Q: 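Dropping the structure in here first, questions after.
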Amino acid sequence: MKVKKAFLRALSMEENIGDYALLAENSWSTHIGRGVFTNFLLDLGLNPTQIAIARGDRDINSALAYVDEKTAIENMKVAINFIQEAYDNKVSTIDTAYLEKWEEASDKGHG
């Protein structure tokens, strides 16, 4: 609770008061706090071992799983943006016939 109160106090001094209101007005568990803290450490560029130490994890795999998931999601966003840019700039085209086959396979549970 001490960390949560300190975090909210610091957040209340920021320009984006919406984030503070969201967190101050709603109940949230330590799990959410750990997630916010972990994201902060990732943004600082800490590696999984350093994150595990800072989080107090007994096993590096706890932090490693979180880092891998966040990294994968961020990399997918970058890749999708590259694909969208290429398509928008007419550097590449998307074969809609292929997409339709892929969607059909996905609908049947094969994709």
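In this text the structure is predicted, and so the values were computed from the model without any measurement.
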Q: Can you give me the closest heavy-atom contact between P48 and A63, atom names plus distance?
A: O-CB, 3.9 Å
Q: Is I60 reachable from V67 through a run of hydrophobic residues whose side-chain heavy atoms are each under 4.5 Å from the next?
A: no
Q: Strictly distance-based, threshold 3.5 Å: is any side-chain N or O of N61 a donor or acceptor partner for the main-chain N or O of L64?
A: no
Q: Distance from E69 atom CD to I73 atom CD1, nearest 0.5 Å?
A: 4.5 Å
Q: Going from CG on D88 to CD on E85, what distance comes out if it is rounded to the nearest 0.5 angstrom?
A: 8.0 Å
Q: Under a 4.5 Å side-chain heavy-atom rule over Ile, Leu, Val, Met, Phe, Trp and Tyr, are I51 and L44 clustered together?
A: yes
Q: Give a yes or no on whether the backbone of D68 and the side-chain of T71 come within a donor-acceptor separation of less than 3.5 Å.
A: no
Q: Is a donor on one side and an acceptor on the other found under 3.5 Å between the side chain of R55 and the backbone of T38?
A: no
Q: Got a second to check how far Y66's OH is from D57's CG, nearest 0.5 Å?
A: 12.0 Å
Q: To the nearest 0.5 Å, what is the distance between CD1 (I83) and CE (M76)?
A: 7.5 Å
Q: Please tell me if the side chains of Q50 and I53 come closer than 4.5 Å, counting only heavy atoms from C-beta onward.
A: no
Q: Using a 4.5 Å cut-off on heavy atoms from C-beta on, say whether the side chain of F40 contacts that of L46.
A: no
